[in-house]
Amino acid sequence: MKPKAWSFSALDTFKTCPRQYEAKYVSKSVQEEKSEQMLWGERVHKAFELRQLDGTPLPAGLEQHEEYMQKLEALPGIHNVEQKIALNAKREPTHFFAPDVWFRGIIDYIKVTPDEGAYVVDYKTGKPHQKMDQLSLFAIHTFALYPDTDLVHVRFYWTQTSTETRWAYRREDIPSMWAKFIPDLKQYAQAFKTDTWQPRQSGLCNGWCPVKDCEFWKPRRK
């Protein structure tokens, strides 16, 4: 089989358990129900999107983020919201549903300026962490789409704490940024080539995984 276009979340699922990935994205034999946390995340993203597109006031329960919305507005450049991004296998920008699409993603908020580089922001409604791989992919795409940009500022905005995790990438960092993904992508391609999806046991097998016919699945403890 030809490998399906991947996203950060899809590749992360594959790394966690190839068997779960196959069930969710290839055979689609399972459909994961949206949790309350997932539904809340969608609500937050939509509220931020409308606020930035046409100034729609933030709804009740999210008013505390207005200060951050204004902070983003103050950044230099012209913003784009919920920008769909895609690369082909040559790591060149392509259309989101192009026949040659290899990687897909969605950037929550981006601003690009000739003088200060680009600003990329991803909203997170979960617990803060320091893992920047998802933002590095967004930076890689930004470098590819804007060849005159040599600096990309990336940020996670944590809505639970109204705080940021910041990093910055330069164009010369691209090879080392890709190097983090290459081993997993090779395994990903091999799984499609051989149609082999080995289960990988972890704590998520205890009721958190939707693949209930897996030999490692167990009901969640009450």
Side-chain angles (χ1 to χ4, degrees), residues 1-34 38 41-42 45-46 49 52-53 77-112 117-123 131-150 152 154 169 171-200 210-211:
M1 288 186 292
K2 178 183 177 182
K4 294 177 67 68
W6 60 283
S7 64
F8 177 81
S9 59
L11 185 62
D12 194 52
T13 298
F14 176 82
K15 289 164 56 181
T16 299
C17 178
R19 173 72 178 86
Q20 181 186 145
Y21 172 88
E22 189 279 335
K24 291 176 66 175
Y25 295 98
V26 182
S27 66
K28 298 182 180 179
S29 58
V30 300
Q31 186 171 1
E32 194 170 13
E33 295 184 5
K34 292 184 178 180
M38 294 169 67
E42 291 179 359
H45 277 74
K46 191 62 179 180
E49 177 187 1
Q52 292 153 354
L53 284 176
I78 299 175
H79 76 272
N80 201 327
V81 178
E82 296 296 316
Q83 183 183 43
K84 293 182 177 180
I85 62 174
L87 296 173
N88 59 28
K90 296 180 181 179
R91 304 177 190 177
E92 300 168 338
T94 189
H95 296 295
F96 200 74
F97 294 109
D100 65 341
V101 65
W102 176 66
F103 159 77
R104 291 191 182 107
I106 299 178
I107 297 178
D108 292 339
Y109 188 91
I110 181 172
K111 271 190 173 182
V112 180
Y119 294 87
V120 171
V121 183
D122 191 68
Y123 310 128
K131 301 174 183 178
M132 307 298 286
D133 287 350
Q134 183 178 13
L135 289 178
S136 71
L137 282 172
F138 293 164
I140 286 171
H141 184 278
T142 302
F143 284 128
L145 191 61
Y146 302 98
D148 294 330
T149 297
D150 292 320
V152 178
V154 295
Y169 295 101
R171 186 169 290 275
E172 58 263 32
D173 297 326
I174 293 176
S176 62
M177 293 156 69
W178 271 123
K180 295 181 179 180
F181 297 96
I182 296 303
D184 294 323
L185 288 171
K186 287 182 177 179
Q187 293 183 27
Y188 179 81
Q190 184 66 17
F192 277 92
K193 183 178 180 179
T194 62
D195 195 18
T196 302
W197 311 94
Q198 295 291 343
R200 187 169 295 155
V211 188

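Note that the coordinates shown come from a computational prediction; the quantities given were computed from them, not determined experimentally. We're numbering straight along the sequence, starting at 1.
The aromatic rings of His79 and Tyr109 sit parallel to each other, their planes meeting at less than 30°, with 60° as the upper class boundary. Between Trp6 and Phe103, the ring planes are tilted. Angles from 30° to 60° get that label. Taking the six-membered ring for Trp and thresholds of 30 and 60 degrees, Tyr188 and Tyr21 have ring planes more than 60 degrees apart, a perpendicular arrangement.
Between Gly117 and Thr149, the shortest heavy-atom distance links the atoms CA-CG2, 4.1 Å. The two residues Cys17 and Pro199 come nearest to each other via the heavy atoms SG-CA, 3.8 Å.
Rounding to the nearest 0.5 angstrom, the gap separating the NZ atom in Lys186 from the CD atom in Gln190 is 11.5 Å. Interatomic distance, Met177 CE to Phe143 CZ, rounded to the nearest 0.5 Å: 6.0 Å. Here the CG atom belonging to Asp184 is positioned 9.0 Å from the CG atom belonging to Asp133, to the nearest 0.5 angstrom. Atom-to-atom distance recorded for His141:NE2 and Tyr146:OH is 8.5 Å, nearest 0.5 angstrom. The distance from atom NE2 of His95 to atom CG of Asp100, rounded to the nearest 0.5 Å, is 9.0 Å. For the atom pair CG of Leu135 and CD1 of Ile140, the computed distance is 11.5 Å after rounding to the nearest 0.5 Å.
Ile107 pairs with exactly one of Thr142, Asp122, Val121, Asn80 by the side chain to side chain contact (heavy atoms under 4.5 Å, CB included) rule, that one being Thr142.
Heavy-atom neighbours of Glu172 CD from other residues, nucleotides or ligands within 6.0 Å: above the threshold of 12. Within 6.0 Å of atom CD1 in Ile182, more than 12 heavy atoms from other residues, nucleotides or ligands are found, so the atom counts as buried in its surroundings.
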query = Is there a side chain to side chain contact (heavy atoms under 4.5 Å, CB included) between Val26 and Met1 once you walk through the steps?
reply = CA-CA 10 Å; Val26 182; Met1 288 186 292; 4.2 Å; yes
request  = Please report the C-alpha distance between Leu185 and Trp102 in whole Å, then the side-chain angles of each, then the deciding distance to 0.1 Å, and finally whether the side chain to side chain contact (heavy atoms under 4.5 Å, CB included) criterion is met.
outcome  = CA-CA 11 Å; Leu185 288 171; Trp102 176 66; 3.9 Å; yes
key: Step-by-step side chain to side chain contact (heavy atoms under 4.5 Å, CB included) determination, Lys24 to Val30   = CA-CA 6 Å; Lys24 291 176 66 175; Val30 300; 3.8 Å; yes
request  = Take Trp197 and Phe192 through the side chain to side chain contact (heavy atoms under 4.5 Å, CB included) test and state the conclusion after the steps.
outcome  = CA-CA 8 Å; Trp197 311 94; Phe192 277 92; 3.7 Å; yes
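In this structure the side chain of Glu82 reaches within 4.5 angstrom of the side chain of Asp108, judged on heavy atoms. Looking only at side-chain heavy atoms (C-beta outward), Phe138 and Val154 stay at 4.5 Å or farther from each other. Taking 4.5 Å as the limit, some side-chain heavy atom of Leu137 sits within range of a side-chain heavy atom of Trp178. Side-chain contact check for Leu145 versus Gln83: some heavy-atom pair is nearer than 4.5 Å.
By the side chain to side chain contact (heavy atoms under 4.5 Å, CB included) test, Asp148 pairs with no residue at all, sequence neighbours left out.
Here the side chain of Arg104 pairs a donor or acceptor atom with the backbone of Phe96 at under 3.5 angstrom. Proximity of a side-chain donor or acceptor of Thr196 to a complementary backbone N or O of Thr194 within less than 3.5 Å is detected. Between the side chain of Arg200 and the backbone N or O of Lys15 there is at least one donor-acceptor pair closer than 3.5 Å.
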